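Below you'll find the structure, written out as structure tokens, and then a few comments.
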Amino acid sequence: MDILKYFYEEPAALYPSAPEAVGDGGLRPLDALLGGARLHRGYLAGTRLPDSPEAPLRIGATALDAPRIWSLPLASLFEGFVWTRLGADGAVGTPAEDAVEAALRAPAGTAALAVAPAPIAAARLQPAVEGPRREAVASFLEGEAHALFFPEPAHDGFDWSLFSVAPLRDRFVAALRAHPAPGARRLVLPYQRARGEHRFYFEQWQLDPLPPFVEEV
């Protein structure tokens, strides 16, 4: 069974110390750090639970049997915006909608995906990837960009972390509902309730009943 988890923090606070279980940012009041600036954060993760004793457990949003249960809804959130892909080689491009969705499902060779009203130059996007995550993301999103996505290596593929200038949780839930996923389970929960490995991988031992802070879509 495919299990999709979307962790959200709206607004999010990022700081460079204390590595976390999800991504590599941190948590403190943003107002004190960024002069009142607001960022919103999400983290997309997946688990393929074995259907038989012989089947392997797979960890990673891209390792699901049907990764389009999240890639199609996610790609649909930014209608009217332009996606810019920064490759691991430093090259940038503006993929079409179907290519964006393919890059989300297979991000090897992708350093970041940005969403903005217009294409973003490599010289603007590269520092957002190379600098310390907190400062880089804040500086980048304070400009013309709307959202920034980073592929995050998982045990058997990739997860995605994302940062936006606007809340995405409710819009993403609506997009998930607009793209039904029979046979899969898609779960949404606050990032703060997932601190630590035991809570982050709760689906491996507490799927029925779900923890009370988890919403199933």
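Just so it is clear, the model here is predicted, and its values are computed rather than measured.
In terms of modelled atom types and a separation under 3.5 Å, the side chain of Thr84 and the main chain of Ile120 share a donor-acceptor contact. Between the side chain of Arg41 and the backbone N or O of Ala12 there is no donor-acceptor pair closer than 3.5 Å. When atom types are taken as modelled, the side chain of Thr47 and the backbone of Leu49 share no donor-acceptor pair closer than 3.5 angstrom. Side chain of Glu203 to backbone of Ile3: no donor-acceptor contact under 3.5 angstrom is found. Asp156 places no side-chain N or O within donor-acceptor distance of the main-chain N or O of Gly60, the cut-off being under 3.5 Å.
Phe149 and Leu4 fall within a single hydrophobic cluster, where Ile, Leu, Val, Met, Phe, Trp and Tyr side chains are chained together by heavy-atom contacts under 4.5 Å. The same ILVMFWY cluster, assembled from side-chain heavy atoms under 4.5 Å apart, contains both Ile69 and Leu176. In terms of hydrophobic clustering, with Ile, Leu, Val, Met, Phe, Trp and Tyr side chains grouped at heavy-atom distances under 4.5 Å, Tyr6 and Leu210 are assigned to different clusters. No path of Ile, Leu, Val, Met, Phe, Trp and Tyr side chains, each step under 4.5 Å between heavy atoms, connects Phe158 with Leu162, placing them in separate hydrophobic clusters. Hydrophobic clustering (ILVMFWY, side-chain heavy atoms < 4.5 Å, transitive): Val214 and Val188 are in distinct clusters.
Side-chain atoms of His40 and Leu168, non-hydrogen and from C-beta on, never get closer than 4.5 Å to each other. Phe202 places a side-chain heavy atom less than 4.5 Å from the side chain of Leu187. Glu9 is not listed as a side-chain neighbour of Phe7, based on a closest heavy-atom distance of 4.5 Å or more. No side-chain heavy atom of Val115 sits under 4.5 Å from any side-chain heavy atom of Leu77. Side-chain contact check for Pro127 versus Phe140: every heavy-atom pair is 4.5 Å or farther apart.
For residues 84-97, no pair satisfies salt bridge (charged side-chain N to carboxylate O under 4.0 Å, His left out), with sequence neighbours left out.
Taking a cutoff of 4.0 Å between a charged side-chain nitrogen and a carboxylate oxygen, Arg171 and Glu79 do not qualify as a salt bridge.
Here the shortest heavy-atom pairing between Ala116 and Ala145 reads CB-CA, 3.9 Å. Contact detail for Gly87 and Ala111: the closest heavy-atom pair is O-CB, 3.9 Å. Ala75 and Val100 make their closest contact through CB-CG1, 4.4 Å (heavy atoms, listed as atom of the first residue, atom of the second, distance). Closest of all the heavy-atom pairs between Glu152 and Ser161 is OE2-OG, 2.6 Å. Counting all heavy atoms, side chain and backbone alike, Ser164 lies closest to Leu141 at N-CD1, 4.0 Å. The two residues Leu113 and Trp160 make their nearest non-hydrogen contact at CD1-CH2, 3.7 Å.
For His146, the ring-ring contact (aromatic ring centres under 6.0 Å, His included) partners are Phe78, Phe81, not counting sequence neighbours.
With values rounded to the nearest 0.5 angstrom, Trp70 atom CH2 is found 14.0 Å from Lys5 atom NZ. Atom CE of residue Met1 and atom CZ of residue Arg185 lie 6.0 Å apart, to the nearest 0.5 angstrom. If you take CG on Leu104 and CG on Leu44, they are separated by 9.0 Å, rounding to the nearest 0.5 Å. Annotation: the span from Glu130 atom CD to Leu125 atom CG amounts to 10.0 Å, rounded to 0.5 Å. Note: His179 NE2 to Leu72 CG = 5.0 Å, rounded to the nearest 0.5 Å.
Between Tyr201 and His155, the ring planes are tilted. Angles from 30° to 60° get that label.
The side chain to side chain contact (heavy atoms under 4.5 Å, CB included) test with Glu101 is passed by exactly one of Ser71, Pro67, Pro95: Ser71.
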Evaluate the criterion side chain to side chain contact (heavy atoms under 4.5 Å, CB included) for residue pair Thr62 and Arg105; output intermediate values, then yes/no.
CA-CA 5 Å; Thr62 65; Arg105 287 186 283 110; 5.6 Å; no
